[in-house]
Enquirer: 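Structure in structure tokens, see below.
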2 protein chains.
Amino acid sequence: MSDASDAHDAAAGRLPGLTSTLVFKLGTLGTVATDRFTRALDAFELGLKPKHVGLMVALDAGAAASQQELAARMGVAPSLVVSLADHLEQLGAVQRVRDPQDRRRQVLTLTDEGRRLLDRCEAAGHELDAELAGELTGAQRRALTEALQHLAAHLGLP
Amino acid sequence: MSDASDAHDAAAGRLPGLTSTLVFKLGTLGTVATDRFTRALDAFELGLKPKHVGLMVALDAGAAASQQELAARMGVAPSLVVSLADHLEQLGAVQRVRDPQDRRRQVLTLTDEGRRLLDRCEAAGHELDAELAGELTGAQRRALTEALQHLAAHLGLP
DNA sequence: TCGATATGGTTCAGAGGCCGAACGATTGGC
DNA sequence: GCCAATCGTTCGGCCTCTGAACCATATCGA
């Protein structure tokens with residue numbers, strides 16, 4: 001990890017710097033990414049925020065789940081899931097069904113409309129990918145995706 | 001990017017999924033990263049948030065700058081820089097000096113105390129890096145850092 | 001069977017972060 | 001020497017998210 005820029009910093013009497021850190025890079029690039037994604041969603045004019053999409057992804061990922069389970073998966077307060085689900089239900093993207101086995105639980109499922117919406121989000125995601133990583137070589141892009149995949153897996157994320 | 005998991009999804013009648021997207025990965029991992037960094041800063045008990053560190057990094061990166069320039073660099077409203085600088089000044093990490101050439105401008109500089117503080121943040125960053133990427137091979141980690149570097153450079157970030 | 005306790009969902013008030021519109025101080029153009 | 005532009009600051013408000021109530025339902029124990 002001692003590359004040319006580090007050597008330059010050292011010559012200037014400085015440490016490598018926080019900017020060479022993984023957390024820092026991930027943090028800043030993460031904000032940029034969600035920022036752009038937010039704008040792309042705004043273009044849909046459906047009042048969607050990244051968290052709405054996060055909920056749909058969580059729904060799509062596993063078996064039908066209660067709102068509490070979803071909140072846990074998303075690392076978010078259950079009360080937030082309520083409002084997210086409210087909005088998605090209003091859009092017809094999500095369906096709330098009382099679990100007959102336990103009538104306290106609301107089982108959320110993605111409707112066909114929700115699938116279509118999620119597909120649109122995915123398309124937007126790919127566009128942004130091209131925009132972001134357009135100047136990376138195929139190999140670089142592959143390495144990046146793979147490394148991020150490892151990281152996510154290591155942290156127990158989707 | 002058609003790998004095994006994509007093939008699996010396709011077999012299940014699904015598209016590759018938003019989760020295979022770069023924006024999505026960057027977004028989620030970015031939140032995790034800033035989340036952990038925030039907690040690390042909390043341990044300092046100085047009331048610091050990632051944006052404070054961002055300001056210090058911006059100060060450290062270039063020549064002495066006015067608050068407007070810093071706001072532009074950080075992609076943030078000038079009024080926010082005021083409160084960030086207020087707090088850092090109160091900690092003795094930053095110094096405000098009126099530019100004699102243009103007495104409207106406040107020139108911010110990092111004090112020695114600020115440097116020490118920034119070093120502590122960097123140390124925390126490296127700890128988190130070890131925690132995050134501990135299970136990656138050296139080559140993977142190098143590839144990741146390099147790719148993120150490319151991305152950041154392409155977007156005009158530090 | 002019935003009461004006590006726990007759990008899922010919802011509502012609501014409020015904390016926290018951030019922006020945009022004002023405003024005073026200072027500058028540069030004419 | 002006035003007028004417009006610019007810098008920093010203050011302040012009001014929006015938006016997001018959480019935690020504490022609350023009702024409905026379920027489970028446990030006697």
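The chains referred to below are lettered A, B, ... by the order of the sequence lines, with proteins before strands, and numbering in each begins at 1.
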Enquirer: Working to the nearest 0.5 angstrom, can you tell me the gap between B:Leu22 CG and A:Leu128 CG?
Expert: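 Here the rounded value is 10.0 Å.
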
Enquirer: Show, in sequence, the C-alpha distance, side-chain angles and deciding distance for B:Leu46 and B:Leu117, and conclude whether the side chain to side chain contact (heavy atoms under 4.5 Å, CB included) test is met.
Expert: CA-CA 10 Å; B:Leu46 295 172; B:Leu117 187 53; 3.8 Å; yes

Enquirer: Pick base, sugar-phosphate or nothing for B:Ser83, based on heavy-atom distances below 4.0 Å to the nucleic acid.
Expert: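 Result for B:Ser83 = nothing.
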
Enquirer: Whether A:Gln106 contacts C:dT10 is assessed here as follows: a side-chain N or O lying under 4.0 Å from the phosphate OP1 or OP2. Is that the case?
Expert: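 Affirmative; the distance criterion is met.
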
Enquirer: Do the side chains of B:Arg115 and B:Asp119 get close enough for a salt bridge, i.e. N-O under 4.0 angstrom?
Expert: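 Yes, charged N to carboxylate O under 4.0 Å.
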
Enquirer: Should A:Arg96 be listed as having a side-chain N or O under 4.0 Å from OP1 or OP2 of C:dG8?
Expert: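 Answer no for this pair, as no side-chain N or O of A:Arg96 is under 4.0 Å from OP1 or OP2.
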
Enquirer: Could you run down the sub-3.5 Å N/O contacts of the protein with nucleotides 1-4 of chain C?
Expert:
none

Enquirer: Round to a whole Å and report the spacing from CZ of A:Arg105 to P of C:dT7.
Expert: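 Checked: the CZ to P distance equals 14 Å.
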
Enquirer: Does C:dT27 have OP1 or OP2 under 4.0 Å away from a side-chain N or O of B:Gln101?
Expert: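 So the side-chain polar atoms of B:Gln101 never come under 4.0 Å of the phosphate oxygens OP1 or OP2 of C:dT27.
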
Enquirer: Could you walk me through whether B:Arg36 and B:Glu127 pass the salt bridge (charged side-chain N to carboxylate O under 4.0 Å, His left out) check?
Expert: CA-CA 11 Å; B:Arg36 299 207 181 190; B:Glu127 276 185 38; over 6 Å; no

Enquirer: What integer distance in Å separates A:Leu55:CG from D:dC17:C1'?
Expert: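 Result: 15 Å.
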
Enquirer: Applying a strict under-4.5 Å side-chain criterion to I, L, V, M, F, W and Y, I'd like to know whether B:Leu91 and B:Leu118 cluster together.
Expert: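 Yes; tracing contacts between hydrophobic side chains, which count when under 4.5 Å, links both residues.
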
Enquirer: Between C:dG8 atom P and A:Arg98 atom CZ, what is the distance in whole Å?
Expert: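 These atoms are roughly 13 Å apart.
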
Enquirer: Between B:Leu59 and B:Val97, is there a shared hydrophobic cluster once you connect ILVMFWY residues whose side-chain heavy atoms come closer than 4.5 Å?
Expert: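 Not linked; separate clusters.
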
Enquirer: Are B:Met56 and B:Val82 linked, directly or through intermediate hydrophobic residues, by side-chain heavy-atom contacts shorter than 4.5 Å (ILVMFWY only)?
Expert: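 No: no chain of side-chain contacts under 4.5 Å links B:Val82 to B:Met56.
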
Enquirer: In whole angstroms, how far is the C1' atom of C:dG8 from the CG atom of A:Asp102?
Expert: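 After rounding, the reported distance stands at 7 Å.
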
Enquirer: Given the rule in the side chain to side chain contact (heavy atoms under 4.5 Å, CB included) test, do B:Lys51 and B:His87 qualify, once you have shown the distances and angles that lead to the verdict?
Expert: CA-CA 11 Å; B:Lys51 299 250 164 180; B:His87 191 190; over 6 Å; no

Enquirer: I would like to know whether B:Arg98 and B:Gln106 meet side chain to side chain contact (heavy atoms under 4.5 Å, CB included); could you show each step before the answer?
Expert: CA-CA 5 Å; B:Arg98 287 243 169 248; B:Gln106 295 271 38; 3.5 Å; yes

Enquirer: Between D:dT9 atom P and B:His87 atom NE2, what is the distance in whole Å?
Expert: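 After rounding, the reported distance stands at 16 Å.
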
Enquirer: C:dG8 C1' sits how many Å from A:Glu69 CD, rounded?
Expert: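 Going from A:Glu69 (CD) to C:dG8 (C1'), I get 11 Å.
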
Enquirer: Between protein and nucleotides 12-19 of chain C, what N or O pairs are separated by less than 3.5 Å?
Expert:
unit_1	atom_1	unit_2	atom_2	d
C:dC19	OP2	B:Ala77	N	3.1

Enquirer: Could you tell me the separation between the CG atom of B:Leu70 and the P atom of D:dT9, rounded to a whole number of Å?
Expert: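 Roughly 12 Å, once rounded to whole Å.
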
Enquirer: Check the distance between D:dA26's C1' and A:Gln68's CD and give it to me in whole angstrom.
Expert: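 So the CD-C1' distance, A:Gln68 to D:dA26, works out to 14 Å.
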
Enquirer: Under 4.0 Å between a side-chain N/O of A:Arg104 and OP1 or OP2 of D:dA26, yes or no?
Expert: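 No, A:Arg104 has no side-chain N/O under 4.0 Å of OP1/OP2 on D:dA26.
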
